Undergrad: 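What follows is a single structure, and I will ask about it in a moment.
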Protein chains: 2
Amino acid sequence: MHQDKREHIITKAIELFAEKGFEGSSIRDLASIADVNIAMVNYYFGSKEKLYEAVIEKRVLYMRDFIDNVLSNTSLSLIDQLDLIIDGFVNRFLSDPLYHRVLQQELLVSKRAQMHQRIIELIIKNAKDVINIIEKGIRNKEFKKADPELIFASILGTISQVMLSKTLCNCLMEKPIEFNPYADKKIQQRLSAHIKQFVHALLTK
Amino acid sequence: MHQDKREHIITKAIELFAEKGFEGSSIRDLASIADVNIAMVNYYFGSKEKLYEAVIEKRVLYMRDFIDNVLSNTSLSLIDQLDLIIDGFVNRFLSDPLYHRVLQQELLVSKRAQMHQRIIELIIKNAKDVINIIEKGIRNKEFKKADPELIFASILGTISQVMLSKTLCNCLMEKPIEFNPYADKKIQQRLSAHIKQFVHALLTK
DNA sequence: AAAAACAATTTAAACATTTGTTTAAATTAA
DNA sequence: TTAATTTAAACAAATGTTTAAATTGTTTTT
C-alpha cells in the first residue's frame with residue numbers, strides 16, 4: 001500500500017515533469033493531478049528534488065540489460081548486433097516517451113550537476129558499446145571507414161528528434177495533430193528501418 | 001543607447017535561459033548577471049514572458065534567408081544543394097549553441113503553446129525544402145529510394161544530439177571536460193562531413 | 001474478542017522564501 | 001522644463017516545506 005502510493009505519485013510526476021519541466025511543475029499541481037494532499041510528496045520523498053531523483057532512477061537502468069544481452073550473444077554478426085540494438089533503442093524509447101522527455105530536459109538544463117553526470121554516464125556506456133562494435137567491424141575490413149562516435153550520435157539523435165515534439169512529428173509525417181505517433185507500430189517500424197538503412201549504407205560494403 | 005541596453009539584456013537572458021531554462025531563471029538572477037536594476041526588464045520588455053519572446057524572435061529567421069539563397073541557385077545539382085544546406089545547418093547551429101539550446105527547451109516543454117507553434121512552423125518550412133529536394137531526386141532516379149522525412153530528422157537530430165550536452169559531447173569525443181567542442185573548427189568539419197557522408201550513402205548510387 | 005496502545009498515514013493550516021511586477025521618487029538626458 | 005531612464009522599496013501571489021492535530025491501521029494487552 002505504501003509502495004503503491006509512492007509509485008502512483010511517481011507516475012503522475014513523470015507526466016507533469018514531461019509536460020511542464022521540473023522548475024515549471026509545482027507540488028500543488030502535482031498533488032492536484034495525483035489527487036493527494038500537498039504534504040504527501042514531502043512525506044514520501046522528503047523534497048521535490050528527491051522526488052525528481054526517484055523519477056529519474058525509476059527507469060534509468062532500463063536500457064542496460066538489453067544491450068548486455070545482445071553483446072553476450074556471440075553467434076551474431078556485427079551488423080546483426082547493431083540491428084538488434086537499433087530495434088531495442090527505438091522500441092524502448094518510443095514505449096516511454098514521457099520518461100525520455102524528462103531525461104532530455106535534464107540534459108538541456110544544468111541545474112543539478114550530479115544528476116546530469118549520472119545520466120551522461122549511462123548514455124556513454126551505451127555509446128561505447130555501439131562504438132566498439134563499429135570499430136571492430138572497421139578493423140576487420142567488414143565495415144567501410146566511418147565515424148563511429150557520430151554514427152551513434154545519429155542513431156540517438158534521429159530518435160530524439162522524432163520524439164522532440166509530437167506536433168512537429170505529426171506535421172512532418174502528415175498526420176493529424178491529435179495523432180499519437182509514438183504509440184503507432186508503423187511509425188516505430190519506419191523509424192527503425194530508416195536508422196538501420198543509413199547505418200547499413202554507411203558501413204556495409 | 002536605448003537599443004544597446006535592450007540588446008544587452010537579451011544577450012544575458014539567452015545565457016541564463018540556456019543554462020537554467022525559462023522557469024528556472026529569475027528576473028533577479030538576470031538583473032544580477034546583466035548588472036541592471038530588476039525593474040529594467042519590465043521597463044524594456046513589459047514582462048518576463050515578453051522578454052522571452054524577444055529572445056526567441058531575435059534570431060528566429062536566421063536560417064531562412066540562407067536556404068532561400070541555396071534554392072534560388074539553379075545551377076547547383078540536387079546533391080550539391082543538400083551539401084550546402086547541411087554545411088549551413090551545422091555552421092549556423094554551432095555558431096550559436098546557447099540560442100539553439102533555448103529553442104530545444106521550448107520544444108521540450110509545452111507551457112507556451114503559441115510560441116511552440118511558431119518554432120515548429122519555422123522548422124517545418126526548412127524541413128519541407130530539404131524533403132522536396134530529396135523527393136525530386138528520387139523521382140528523377142538520381143537518388144536511391146529512401147525516407148525523406150526521416151533523413152531530415154537524422155540531419156537535424158545528429159546536430160542536436162551533439163549539442164545536447166557539452167559534457168556528453170566531450171566524453172564521446174574523448175576531449176577534456178572544459179573543452180568547447182562547438183567553437184572548434186575541426187569538430188564542426190567532422191560533424192558536417194559525417195552528415196554529408198550518410199546522406200550520400202543513403203541517396204547517391 | 002474487545003480494548004488499549006502504538007505507529008503510520010492523512011489533513012488543513014501556517015511558515016518563510018522567492019517569485020514577477022508595480023510604484024513613486026530620484027536621477028539623467030533632451 | 002520636459003521626457004526618459006534608473007532606483008530602492010513595496011506588493012501580492014506562488015513556491016517548497018513544516019507543523020500539529022486528526023484519522024486510519026496495526027499490534028499488544030486484557
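First the proteins, then the strands, lettered A, B, ... as listed; each starts at 1. Owing to the predicted nature of the structure, the values given are computational and were not obtained by experimental measurement. Hydrogens, waters and symmetry mates play no part in the numbers below; they use all other heavy atoms, side chains included.
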Undergrad: Taking atom C1' of dT17(D) as reference, at what distance in whole Å does atom OH of Tyr52(A) sit?
TA: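 Atom-to-atom, Tyr52(A) to dT17(D), this comes out as 20 Å.
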Undergrad: Is the distance from OP1 or OP2 of dT9(C) to the nearest side-chain N or O of Tyr44(A) less than 4.0 Å?
TA: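 Answer is no, no contact under 4.0 Å.
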Undergrad: Can you tell me if Asn37(B) touches the phosphate of dA8(D), counting only side-chain N or O atoms and a distance under 4.0 Å to OP1 or OP2?
TA: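 Indeed, a polar side-chain atom of Asn37(B) lies that close.
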Undergrad: In whole Å, what is the span from the CZ atom of Phe45(B) to the C1' atom of dT5(D)?
TA: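 About 15 Å, once rounded to whole Å.
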Undergrad: What is the separation between atom CZ on Arg6(A) and atom P on dA8(C), rounded to the nearest whole Å?
TA: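 To the nearest whole Å, that distance equals 16 Å.
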Undergrad: Verify whether one side chain among Asp35(B) and His8(B) offers a donor that lies under 3.5 Å from an acceptor in the other.
TA: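 No.
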Undergrad: To the nearest angstrom, how far is Tyr43(A) atom OH from dG16(D) atom P?
TA: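 Nearest whole value for this atom pair: 21 Å.
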Undergrad: Determine whether the side chains of His194(B) and Ser154(A) contain a donor N or O and an acceptor N or O closer than 3.5 Å.
TA: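 Yes, because at least one side-chain N or O of His194(B) sits under 3.5 Å from a partner of the opposite role on Ser154(A).
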Undergrad: So, are Lys128(B) and Glu174(A) salt-bridged, with charged N and O less than 4.0 Å apart?
TA: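 A salt bridge links Lys128(B) with Glu174(A).
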Undergrad: Please give, in whole Å, the distance from dA8(C) P to Asp4(A) CG?
TA: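 So the two atoms are 18 Å apart, to the nearest Å.
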Undergrad: Could you pick out which residue, Ile38(B) or Gly46(A), lies toward the 5' side of DNA chain D when each is mapped onto its nearest nucleotide?
TA: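 Final value for this comparison: Ile38(B).
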Undergrad: How long is the line joining NE2 of His8(A) and P of dT10(C), in whole Å?
TA: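 Distance, rounded to whole Å: 12 Å.
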Undergrad: Tell me: CE of Met40(A) to C1' of dG16(D), nearest whole Å?
TA: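 Taking CE of Met40(A) and C1' of dG16(D), I get 16 Å after rounding.
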Undergrad: How many Å lie between CG on Asn42(A) and P on dG16(D), as a whole number?
TA: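 It is 9 Å, rounded to the nearest whole Å.
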Undergrad: In Å and rounded to the nearest 0.5 Å, what is the SG to NZ distance from Cys169(A) to Lys175(A)?
TA: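 Between Cys169(A) SG and Lys175(A) NZ, I get 9.5 Å after rounding to 0.5 Å.
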Undergrad: Starting the side chain at C-beta, find the nucleotide from dG16(D), dT22(C), dT21(C) nearest to Arg28(A).
TA: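 Selected nucleotide: dG16(D).
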